[in-house]
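Report on the structure given below.
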Amino acid sequence: QHYYITNNLSLRTTITMAMICSLSNEVPEEPVISLTSKHIFEKRLLEKYISENGTDPINGEPLSDEQIVPINTSPVQRPRPPTATSIPAILKILQDEWDACMLHSYTLRQQLQMTRQELSYALYQHDAACRVIARQDKEVTAAREALATLKPQAALAAQQPAAPAPAPVHVAAPAEPARPEPMEVETQLVPIGLSDEVLQQLQQTHVKLTSLRKKRGKEMPEGLPTAQQLKHYTQTSSHPGLHSASLPGILCLDLLPNTKRTVTGGADRNIVVFDKENEKIVCTLKGHTKKVTNVVAHPNEKTIISASPDSHVRIWDIGEETCKHTLRIHDGPVTGLSLHPTGDYMLSCSADQHWGFSDIEHGKLLCKVADQSVSHGLTCCQFHPDGLIFGTGTSDSLVKIWDFKEQKSAANFPGHSGPISAIAFSENGYYLATSADDEVVKLWDLRKLRNFKTISLDDKYTVRGLTFDNSGHYLAVAGPDVRVYQISKQCDLVVTWDAHTQDSTDVRFGPDVNYVASVSNDRTLKFYAAN
């Protein structure tokens, strides 16, 4: 504030009074004045007070940013500290700053030297690994050439038994490189084909399940909760300690039928079997080298099937807590798993554009098929409840229905945008639910091959999982929350649970919908049921 005084000599003298902030009682660096209370404040303090309260801090009247006026003043020169009031003290401060700079420079040079050493060591390891890989490739090539040479020689020896002597001469030289174990593993994964017995078993299962489904009809089964009852389901328990906290996130879920146990796969590369009734971990299965993205529980045996982006499918025995078979079916990340209704076979799909059909008991690949009509990887797959058709989703937003016996595409369901994130067949076999990165869930009528309902979700709602209950009356959706829809002409939303602190990744219905289970990136397994 300036006051101008004019004396008799017409001299103008400026008297500057000290300005003190009414909030901090200190000299403000950016002084402003309030037009309502006429008090002076520090600009940043007053703006923060206005944003929180919207009033003047002195008289409590409404105040906005437009009602504060900045004051033009000379920059405030803060006094020197007492330790800097003499030349020796200033020299001491400068010397301390110089010492600190030198120490910091020395530390940086040390860190640079260590980083150079680590980089040199990493480059050496990379070069050694490349050499090992090249040597292994050379040995594999030599072994394949030896095998190709052995086959015609064996056939010739069988036709001319009187002259077997040349065979050892040709085989002896390449015999050593033909011994490595990887060659045996690769031959085991070559598709052995679908026998007539397998096709007959699949056909009999199809006829049996179709007949049972027609007997059940469309009526709601006894004991299934109504939509009004399902609305009152609330969270009954939460279990956060199943998977490692260092790599948080549970990515997939399945329920062991006829038990109260759940199977979860996590970002920590582990599979956990959890007893819901006793609230304890039954076993933890380890073996995958990357996160576990799919788990399937066998309905009648103590068997679990898991898949991972490490390109492996593993078949586990829960009783012995061991891996019975490790299958390298695909050349890329395994993105989907589905168990055939017989319980003897499984379907897998991968980003390498192939789907494979395998024997669970013997760990054998029966057939492997690529979709030649697209150039994008597969993102998910599931068998139809009758077992003779199945669905796949692709990264280019296309849903395909396959005829398993013909191993050809039977129908295409376009309409989504973005990679297909989940597909699910209803247990009655009539409907298919699909989702992608387009904030909708589409319901398809398999009898008419058309989309009969599109459920619009919230903005930026990413669907991570879809599942029908055993009756086909309810559809659960996992995403930023967990929600359940009633399958009807309107497909009304029944209930929504937002108990997870991060996105839900998978959801399952308990028997007769007596409870619902969900998992999430927040590392928790939650159960919802009636109180």
Side-chain angles (χ1 to χ4, degrees), residues 251-254 265 293-296 305 307-309 311 313 329-340 346-357 368-385 387-404 407-426 429-446 449-455 457 461-468 475-479 503-508:
L251 307 179
C252 49
L253 166 71
D254 203 5
T293 53
N294 293 274
V295 290
V296 175
I305 309 169
S308 166
S311 304
V313 175
I329 301 172
H330 300 283
D331 298 326
V334 184
T335 55
L337 277 181
S338 182
L339 186 66
H340 191 269
M346 69 174 180
L347 175 72
S348 61
C349 67
S350 168
D352 65 2
Q353 305 176 21
H354 288 77
W355 58 263
F357 184 72
K368 184 177 178 180
V369 178
D371 187 0
Q372 304 296 337
S373 63
V374 297
S375 58
H376 298 79
L378 304 181
T379 58
C380 52
C381 64
Q382 189 178 31
F383 266 116
H384 185 270
L388 283 187
I389 63 172
F390 64 91
T392 60
T394 64
S395 57
D396 64 341
S397 70
L398 186 63
V399 178
K400 306 195 76 170
I401 304 299
W402 293 78
D403 184 327
F404 179 77
Q407 298 182 15
K408 294 181 180 179
S409 175
N412 293 339
F413 290 155
H416 281 291
S417 60
I420 303 299
S421 58
I423 63 174
F425 286 98
S426 65
Y430 298 148
Y431 307 123
L432 171 67
T434 61
S435 64
D437 295 341
D438 52 6
E439 301 162 2
V440 298
V441 173
K442 290 183 176 291
L443 294 173
W444 308 83
D445 191 326
L446 298 176
L449 298 178
R450 67 178 182 87
N451 172 224
F452 71 93
K453 182 65 178 179
T454 298
I455 302 174
L457 304 173
Y461 194 106
T462 302
V463 178
R464 305 295 184 100
L466 294 173
T467 187
F468 283 94
L475 172 68
V477 181
D503 283 4
S504 302
T505 53
D506 213 347
V507 60
R508 289 292 184 275

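Numbering of residues begins at 1 and proceeds along the displayed sequence.
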Exercise for review: Determine the minimum heavy-atom distance between T454 and V440, stating which atoms define it.
Suggested key: CG2-CB, 3.9 Å
Practice item. Could you grab the distance from atom CD1 of I455 to atom CG of L443, nearest 0.5 Å is fine? Key: 4.5 Å
Review point. Can you name the closest pair of heavy atoms from H376 and S395 and give their distance?
Key: CB-OG, 3.1 Å
Check your understanding: Can you tell me how far the SG atom of C349 sits from the CG atom of L337, to the nearest 0.5 Å?
Key -> 8.0 Å
Practice item. Would you sort out whether M346 and V296 count as a side-chain contact (heavy atoms from CB on, under 4.5 Å), showing the intermediate values? Key: CA-CA 10 Å; M346 69 174 180; V296 175; over 6 Å; no
Exercise for review: State the NZ-CG distance between K442 and N451, to the nearest 0.5 angstrom.
Suggested key: 4.5 Å
Exercise for review: Over all heavy atoms of both residues, which pair between S311 and G332 is shortest? Give the atoms and the distance, please.
Suggested key: OG-O, 3.1 Å
Exercise for review: Starting from the C-alpha separation in whole Å, work towards a yes-or-no answer on side-chain contact (heavy atoms from CB on, under 4.5 Å) for L432 and I401.
Suggested key: CA-CA 10 Å; L432 171 67; I401 304 299; 3.8 Å; yes
Revision key, fill the gap. Rounded to the nearest 0.5 Å, the OG1 atom of T462 sits from the CG atom of L457 at a distance of 9.5 Å
Practice item. Determine yes or no for a side-chain-to-main-chain donor-acceptor pair under 3.5 angstrom, with D437 supplying the side chain and I420 the backbone. Key: no
Practice item. With sequence neighbours excluded, tell me which residues meet side-chain hydrogen bond (donor to acceptor under 3.5 Å, both in side chains) with S421. Key: S435
Revision key, fill the gap. Across all chains, not counting sequence neighbours, the side-chain hydrogen bond (donor to acceptor under 3.5 Å, both in side chains) partners of S409 are N412
Check your understanding: Between S397 and P419, is there a donor-acceptor pair closer than 3.5 Å when you use the side chain of the first and the backbone of the second?
Key -> no
Review point. Can you tell me if K368 uses its side chain to pair, donor with acceptor, with the backbone of H354 under 3.5 Å?
Key: no
Revision key, fill the gap. In terms of heavy-atom contacts, C252 and T505 come closest through N-OG1, 4.5 Å
Point to revise | Donor-acceptor pair, side chain of S338 and main chain of F383, under 3.5 angstrom | key: yes
Check your understanding: Taking all non-hydrogen atoms of both residues, which atom of G336 and which atom of C381 are closest, and how far apart?
Key -> C-SG, 3.6 Å
Point to revise | Donor-acceptor under 3.5 Å (D352 side chain, D331 main chain) | key: yes
Exercise for review: Using a 4.5 Å cut-off on heavy atoms from C-beta on, say whether the side chain of L347 contacts that of H340.
Suggested key: no
Review point. Picking from F452, F468, F425, what satisfies ring pair (Phe, Tyr, Trp, His ring centres under 6.0 Å) with Y431?
Key: F452
Check your understanding: Which residues satisfy the ring pair (Phe, Tyr, Trp, His ring centres under 6.0 Å) test with F357, sequence neighbours excluded?
Key -> Y345, F404
Point to revise | Rounded distance [0.5 Å steps], OG1 in T434 versus CG in L466 | key: 7.5 Å
Point to revise | Closest non-hydrogen atom pair, L378 against T335 | key: O-OG1, 2.7 Å
Review point. When rounded to the nearest 0.5 angstrom, what is the spacing between CD in Q353 and OG in S375?
Key: 6.5 Å
Point to revise | Any donor-acceptor pair under 3.5 Å from D403 side chain to A410 backbone | key: no
Practice item. Mark yes or no for whether H384, through its side chain, and G429, through its backbone, hold a donor-acceptor pair below 3.5 Å. Key: yes
**Study point:** Donor-acceptor contact present, side-chain D506 to main-chain L253, <3.5 Å
**Key:** yes
Exercise for review: May I have the step-by-step check of side-chain contact (heavy atoms from CB on, under 4.5 Å) for R508 and T467, ending in yes or no?
Suggested key: CA-CA 6 Å; R508 289 292 184 275; T467 187; 4.1 Å; yes
Review point. For the residue pair W444 and F413, does the interplanar ring angle fall in the parallel (under 30°), tilted (30 to 60°) or perpendicular (over 60°) class?
Key: parallel
Point to revise | All side-chain hydrogen bond (donor to acceptor under 3.5 Å, both in side chains) counterparts of T293, not counting sequence neighbours | key: none
Point to revise | For T394, side-chain hydrogen bond (donor to acceptor under 3.5 Å, both in side chains) partners two or more places apart | key: D396
Point to revise | Under the ring pair (Phe, Tyr, Trp, His ring centres under 6.0 Å) test, residues paired with Y461 that sit two or more places apart | key: none
